[in-house]
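For reference, the structure is listed below as structure tokens.
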Amino acid sequence: MSMNRTIVTNGYIISIDDNLGDIQGGAVLIEDNRIVAVSRNAEEFAGVDAQVIDAQGGIILPGMVDSHRHTWMSLLRSISADESLLEFLANTFYGLGALVKAEDIGAATMVGALEAIDSGVTTIMDCCDCVNSPDHATAAVESLRASGIRGVYAYGMQAYDFQPPAFTAHTQRLKDAVRLRKEAFSSEDSRLRMGMLLSDFGTLPFSETASEILVSRDLGLLVASHTGAASTSILLKGLRELNDHSLLRPGHLHIHCNGLTHPEWELLAATGAKVSISPETEMQMGMGYPPFRAALEHGILPSFSTDIVCVGSGDLFSQMRLGLQFQRCIDNNYVHQRGHMPSKIDLSVRDALKWATHGGAEALGLASEIGSLTPGKKADLIIVSQRRAFVPSSYPAGSVVLQTTAADVDTVILDGVIRKRHGQLVGYDLATVRTRANQALERIQKAAAATLRRKGPEEVAQWFAMGERMATGNFAGAYANGIPAKK
């Protein structure tokens, strides 16, 4: 059987593998879609019949993992640049989400996947919480497959006022998730796997939230939720209620978590939870502090996410930079409050880089497959160019985290296939992608202009307050028959 071999050489390797470490001038040997060897001496592969990719002094590292990305909103760039979380939910999320058709979500998902690949992200969890019909789910999955990206398609259970409604009952959404699992995700070894993004806690009767988790368990899906994203609110909480019914399960990926209390963090730790943090949206929208320190103190390895391009960048370099420097600022301020100047920096750029690679892989249950340049793992690899700089980096890990943008990503190899080379995406009809995306955006904008009325701040606050009252009743449903006995 013939092998397709590629050697990536002449760069600085950051392996994210404790046994390999960093290697100046080493080389990576790829066969088909696997890394088979990493050498400290490129001459070791001199006799190998392979395509050679010259990194030209660039930095070679694993493809990054975005553990929470809403590709369906990829057409709405910067629309929420000045919005709080409540404004975003009331006007953009639920407003525009109700107008998105299946063909729109197909176009948006392709754009989101390609933007990820272009920025060196080779794996995403696509939080598709705009499944207005079965066709919406199918269109999104088709675009993800066509893009070649690795990831988890998280079927979203959120409901919109889509007309005419394709789902008239919660059970119909669950049934469609079962349908999609059977039709599109029968292979467990696929580059694209299926998960479920739960309805926001408190927005549905507790029994319906429970049914989502139980169906996810029965289908063998990764389960994810937006958890504690509104720091002073009862909405998006309910962890105690879920735990009392044994519904917090190992591997559950909790997104944001800014508003969790210490006892709630203890519940996450005790139930084997994972955590995804989105610094850019969390800091802007009033969700609360990005909870890196809380996750670490409870033994949970953080992961990074871009969330939505409605607000900021779609690359993990920005999230690493913002998140790390924010937490350093908070840590330094703690020292200042004690009357001292910081004499050391605790969290390092390598910590941030680990969260963006291995941390994301672990969050998605893929740590044995991706997240480091370890022989035997999938061939997901990127090269960050140093050609724009006048001098090479004195600390490559520092330059990747604090000085790199998507424009510096020279090469992306994803599952052994070259998806970006010399700074350009390859193998795609980009003109067709752009035309399709712009047509979809124009249709959404016209529909919004004709049908939507933007809520003002007072109306938004009243709308959210009503949601909180509903959440109180929904969480109370967990104890309709008393407090359940712990098993």
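In this text the structure is predicted, and so the values were computed from the model without any measurement.
Taking the six-membered ring for Trp and the full ring otherwise, His68 and His70 have centroids separated by under 6.0 Å.
Residue Cys310 forms a side chain to side chain contact (heavy atoms under 4.5 Å, CB included) with just one option from Leu75, Ile79, Thr281, and that option is Ile79.
Counted by atom type alone, Glu266 and His298 present zero donor-acceptor pairs between their side chains at under 3.5 Å. A side-chain donor-acceptor contact under 3.5 Å links Ser305 and Ser278. A side-chain donor from one of Asp129 and Trp72 sits under 3.5 Å from a side-chain acceptor of the other. A donor-acceptor contact under 3.5 angstrom links the side chains of Ser303 and Ser67, judged on distance only.
By the 4.0 Å N-to-carboxylate-O rule, Arg173 lies too far from Asp176 to be salt-bridged with it. Under the 4.0 Å criterion applied to side-chain N and carboxylate O atoms, Arg293 and Asp346 are assigned as salt-bridge partners. Between Lys237 and Glu264 there is a salt bridge, with a side-chain nitrogen of the basic residue lying less than 4.0 Å from a carboxylate oxygen of the acidic one. A salt bridge does not link Glu115 with Lys420: none of the charged nitrogens is closer than 4.0 Å to a carboxylate oxygen. With salt bridges taken as basic N to acidic carboxylate O contacts below 4.0 Å, none links Arg69 and Asp307.
With values rounded to the nearest 0.5 angstrom, Thr123 atom OG1 is found 11.0 Å from Met64 atom CE.
Two residues are said to be in side-chain contact when any heavy atoms from C-beta on lie closer than 4.5 Å; Arg454 and Glu87 meet this criterion. Between Leu239 and Leu260 the shortest side-chain heavy-atom distance falls below 4.5 Å. Two residues are said to be in side-chain contact when any heavy atoms from C-beta on lie closer than 4.5 Å; Glu83 and Thr92 meet this criterion. Looking at Val401 and Phe317, their side chains never come closer than 4.5 Å, going by heavy atoms from C-beta outward.
In terms of heavy atoms, Ile124 sits closest to Val121 at CG2-CG1, 3.7 Å. Closest heavy-atom contact between Leu197 and Cys127: CD2-CB, 3.7 Å. Nearest heavy atom pair, residue His136 against residue Val100, reads NE2-O, 2.7 Å.
Under a cut-off of 6.0 angstrom, the local environment of OH in Tyr479 is crowded, with over 12 non-hydrogen atoms contributed by other residues, nucleotides or ligands.
Between Phe206 and His245, the ring planes lie tilted relative to each other; the angle falls in the 30° to 60° range.
Cation-pi check for Arg469 over Phe464 is not met; the charged atom does not lie both under 6.0 angstrom from the ring centroid and within 45 degrees of its normal.
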